[in-house]
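Shown next, in structure tokens, is the structure this report addresses.
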Amino acid sequence: MSRGRIPLMHEAYDIHGVQEKWLPVWDELAPFRSGLPDDPRPKKYVLDMFPYPSGDLHMGHAEAYAMGDVIARYWVEKGFNVMHPIGWDSFGLPAENAAIKRGGDPRDWTYENIAVQKASMRRYACSFDWDRVLHTSDPEYYKWNQWIFLEMYKKGLAYKKLSPVNWCPGCQTVLANEQVVAGLCERCDSAVTKKKLSQWYFKITDYADRLLDDMDQLEGKWPEKVLQMQRNWIGRSSGAEVVFDIEGRDTPISIYTTRPDTLYGATFMVVAVDSELAAELAAGGPVESEFKTYLEEVKASSDIDRLATDRKKSGIFLQRYAINPVNGEKLPIWASDYVLADYGTGAIMAVPAHDQRDLDFARAMKLDVRVVVETGEEDPNVSGIATSGDGVMVNSGSLNGLDKAEAIAKVISELAEKKLGKLAKNYRLRDWLISRQRFWGTPIPIIHCPSCGEVPVPEDQLPVELPSAKGLDLKPKGTSPLGSATDWVNVKCPKCGADAQRDSDTMDTFVDSSWYFLRYIDPHDATQAFDPKKIEEWMPVDQYVGGVTHAILHLLYSRFFTKVLHDLGYVKFTEPFTRLLNQGMVLMDGSAMSKSRGNLVKLSEELDRHGVDAVRLSMIFAGPPEDDIDWADVSPQASVKFLNRAWRISCDVTSEAGVDFASGDLGLRKITHKAIHDIGYAVETFRFNVAVARIMELVNHTRKAIDSGCGPADPAVREAAQAIAIALSLMGPFTAEEMWANLGHKPGVALAGWPEVDPALLEEDSVVAILQVNGKIVDRIDISPNITDAELEKLGMENEKMAAAIAGAAIKKSIVRAPKLVNIVI
RNA sequence: GCCCCCGUAGUCCAAUGGCAGAGACAGAGGACUUAAAAUCCUUCCAGUGUCGGUUCGAGUCCGACCGGGGGCACCA
């Protein structure tokens with residue numbers, strides 16, 4: 001029998017024993033502490049989106065944190081001082097709902113869950129810096145929410161206005177535009193209705209252009225999909241504002257259009273039925289009562305009805321007329337719900353020939369359709385399909401014969417001369433409604449005084465702490481539960497000392513998460529939200545990791561806050577997250593896991609069954625990080641098998657720690673160094689699944705070397721085993737630590753350092769070049785990697801199979817790419 | 001309706017415009033074993049959704065279509 005064929009080590013290591021063994025050691029070692037003064041390592045900030053504490057961690061968390069850990073651990077191995085913090089986004093409705101259901105205080109539920117999640121993160125071996133933990137529901141945190149609010153208030157960026165808002169009858173609270181999904185509340189799926197309320201807003205629309213234009217900085221560093229979604233959401237369009245005189249009205253009306261070229265095709269005007277303009281135009285007129293009836297009908301319909309695109313057009317003729325500024329024509333003015341009150345000016349010119357919605361309306365109301373762009377398509381009067389493409393202007397006075405772009409330019413300049421129009425931009429983005437009529441959130445630091453009006457709470461009185469929930473009825477009833485905390489609400493006006501009342505609304509919890517990444521840098525600083533000097537050292541975040549579900553809301557708001565803080569002089573950068581990685585979701589049998597669907601996989605059970613390392617490895621190996629993982633396609637048992645295979649390598653090594661690798665088997669050394677190089681590259685390019693495959697490859701080669709190659713005593717085997725342990729520590733930290741100990745090292749492998757790659761060992765002795773004729777492979781030859789084009793071509797031409805394939809034909813061209821191929825074209 | 005992404009073995013997935021297969025799951029066979037498990041070894045399986053184009057050469061680039069997923073949506 002040859003040595004090494006004897007079945008030596010076929011037992012597996014004790015998965016759970018290993019976990020219990022190393023966790024206390026790591027607690028002591030704290031390899032991921034990043035707050036030490038005089039740490040000479042270059043800094044890197046790796047950030048995982050912080051969790052909401054709703055029960056224990058689930059499979060989705062496990063995936064996200066596995067991905068974040070690969071990145072954070074990699075950069076630690078590469079010698080960086082990596083800040084990888086964690087905290088809890090711990091204000092929010094579920095805590096409040098739980099408190100309503102079970103009685104008690106949302107605080108209890110929240111902090112109990114945080115403790116559970118924290119324990120699970122430790123068990124999962126997350127490489128977090130536990131000295132930086134923050135909870136957004138702690139007064140020491142939300143104090144600074146209030147401070148930022150007041151900073152924005154001073155600049156006019158936080159303001160209160162009375163306007164129709166999205167109202168969720170289920171949650172009994174207002175919602176931001178962003179929280180309404182297809183007309184439904186994103187949280188409880190109730191049909192959202194409109195309600196006219198006085199609410200607090202952040203003026204994010206002031207930043208629309210910058211939020212859009214600064215995305216250039218993120219190009220190639222954020223997923224294209226997310227950039228696309230944000231662009232869609234902001235929805236910038238450019239066009240013109242055109243002024244129409246109104247018969248019997250002193251002031252004219254402006255409309256917004258993206259197609260000023262079609263101005264001669266306008267045959268009527270439409271104002272939003274729920275706009276003040278419509279009410280004014282109808283007031284005192286012959287159709288006032290009909291108008292009011294129609295308005296009531298529209299108000300009663302839900303957003304879902306309004307969103308239905310195949311809905312019949314409705315409207316009412318107001319018996320008023322607008323004058324088309326280009327030709328003086330009288331256009332009847334209609335009120336309809338297909339025009340939105342809060343976009344543009346709430347009024348449009350209708351060009352039915354070239355806009356489908358206008359055409360639908362014109363046909364329903366029997367209004368004129370006038371073609372002014374000849375596109376070569378069928379007449380919309382006949383087809384019922386508006387022609388929206390480019391063409392030649394007709395019936396358009398001075399614009400006749402021009403194309404779209406020319407016509408737009410000309411008509412705008414003509415209108416501008418007469419001060420009847422100008423270039424204009426519009427956005428889909430609306431201001432961010434931040435007040436909520438709920439308890440478990442940051443109190444808005446404003447006091448309402450009968451004589452002074454809105455008075456900001458003086459900074460030295462922050463935080464405005466939430467009162468105890470005891471004795472308060474938290475049940476949703478349309479006004480904030482804080483309103484009934486009389487001791488809390490009733491205060492003296494800071495300005496005049498008169499009896500006054502606190503604002504009883506709380507802030508949207510997205511406010512909390514819009515700047516938490518700044519607070520991590522010094523989470524317990526009692527004197528300021530953050531220290532601008534320390535911010536400079538760490539920010540912006542080098543790598544952000546989280547789900548694509550936050551592609552719009554959280555990421556847009558965080559970008560907005562960063563720009564505001566920049567303008568206020570607190571930070572020097574304008575984008576908070578340099579790079580972004582969106583991990584996919586964990587599915588089961590093709591769909592998202594849910595209790596009701598019955599396909600829920602419990603993380604804790606998977607960890608019990610397969611161990612932490614196998615679950616982590618399975619998550620990472622399943623596919624590219626951005627892809628969804630179907631847990632049904634994943635085999636954690638296969639990961640267990642591989643981890644054992646890797647572990648056994650460390651058991652077989654017989655050389656001493658510290659042995660000089662230089663004398664080791666050259667073949668294996670080359671494989672090892674190539675692997676180290678490839679694994680690092682794969683990690684840096686987010687191809688973690690490929691990194692795992694490369695480690696597997698290295699394990700396979702090392703196994704072969706031990707069993708039937710250079711043998712377990714060869715220094716190259718130790719070099720390979722150590723490389724495996726270090727690389728594997730990114731995905732399977734327990735197994736890696738166990739290997740590291742087997743190899744005679746002190747803990748921990750997390751700080752072992754990424755092995756240096758020797759460039760000399762990356763050079764191959766020989767490579768295979770392919771010989772092609774007309775792009776078809778004829779033969780393969782072994783050659784030196786340093787061969788020149790000329791030498792390779794010569795070898796190609798001398799090759800017998802090539803000669804046979806060319807068969808004496810005239811050579812038109814030869815392409816040589818040393819050392820890879822020769823292609824002869826005949 | 002507008003915009004974006006993705007289609008590679010039975011499955012999950014690799015492949016700077018240059019050998020379609022790195023890695024794994026499942027399957028088959030073998031070694032070891034009294035047997036099984038574990039372990040080790042060997043092995044089968046697609047020409048890249050379809051049709052065109054560019055190119056010496058296309059899974060990769062371009063166009064159209066088919067299929068799947070996602071975002072926005074009476075935003076003028």
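In what follows, chains are A, B, ... by sequence order, proteins preceding strands, each numbered from 1.
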### Task
Select base, sugar-phosphate, or nothing to describe what A/Arg231 touches, counting heavy atoms under 4.0 Å on all strands.
nothing

### Task
Would you mind classifying the nucleic acid contact of A/Lys812 as base, sugar-phosphate or nothing, using non-hydrogen atoms under 4.0 angstrom?
nothing

### Query
Under 4.0 angstrom, heavy atoms only, what part of the nucleic acid is A/Ile777 near: base, sugar-phosphate, or nothing?
sugar-phosphate

### Task
Mind checking A/Asp342 for me? I need base, sugar-phosphate or nothing, with any heavy atom below 4.0 Å counting as a touch.
nothing

### Task
Would you kindly give the CD-to-P distance between A/Gln772 and B/rG17, to the nearest whole Å?
16 Å

### Most 5' of A/Gly623 and A/Gly775 on RNA chain B, judged by nearest nucleotide
A/Gly623

### Query
What distance do A/Ser336 atom OG and A/Met365 atom CE have between them, rounded to the nearest 0.5 Å?
6.5 Å

### Message
When you measure from the side-chain N and O atoms of A/Ser635 to the phosphate of B/rA24, is any distance below 4.0 Å, counting only OP1 and OP2?
### Response
no

### Query
Heavy atoms under 4.0 Å, any strand shown: does A/Ser639 hit a base, just sugar-phosphate, or nothing?
nothing

#### Entry: N-O pairing of A/Lys299 and A/Asp274 below 4.0 Å
no

### Message
Please classify the nucleic acid contact of A/Val692 as base, sugar-phosphate, or nothing, using heavy-atom distances under 4.0 Å.
### Response
nothing

#### Entry: Partner of A/His354 by side-chain hydrogen bond (donor to acceptor under 3.5 Å, both in side chains), out of A/Thr387, A/Thr375, A/Thr262
A/Thr387

### Query
Reckon A/Asn426 touches a base, only the sugar-phosphate, or nothing at all at heavy-atom distances under 4.0 Å?
nothing

### Query
For A/Lys225, which contact category applies under a 4.0 Å heavy-atom criterion: base, sugar-phosphate, or nothing?
sugar-phosphate

### Summary
Assert: residue with more 5' nearest nucleotide on RNA chain B, out of A/Asn774 and A/Phe621, is A/Phe621

#### Entry: salt_bridge(A/Lys674, A/Asp678) N-O dist < 4.0 Å
yes

### Task
Just call it for A/Pro223: base, sugar-phosphate, or nothing, with non-hydrogen atoms closer than 4.0 Å on any strand.
nothing

### Query
Under 4.0 Å between a side-chain N/O of A/Tyr338 and OP1 or OP2 of B/rA76, yes or no?
no

### Query
Does a side-chain N-to-carboxylate-O contact under 4.0 Å join A/Arg370 and A/Asp368?
no

### Summary
Rounded to whole Å, CD1 of A/Ile629 lies from C1' of B/rC13 at a distance of 12 Å

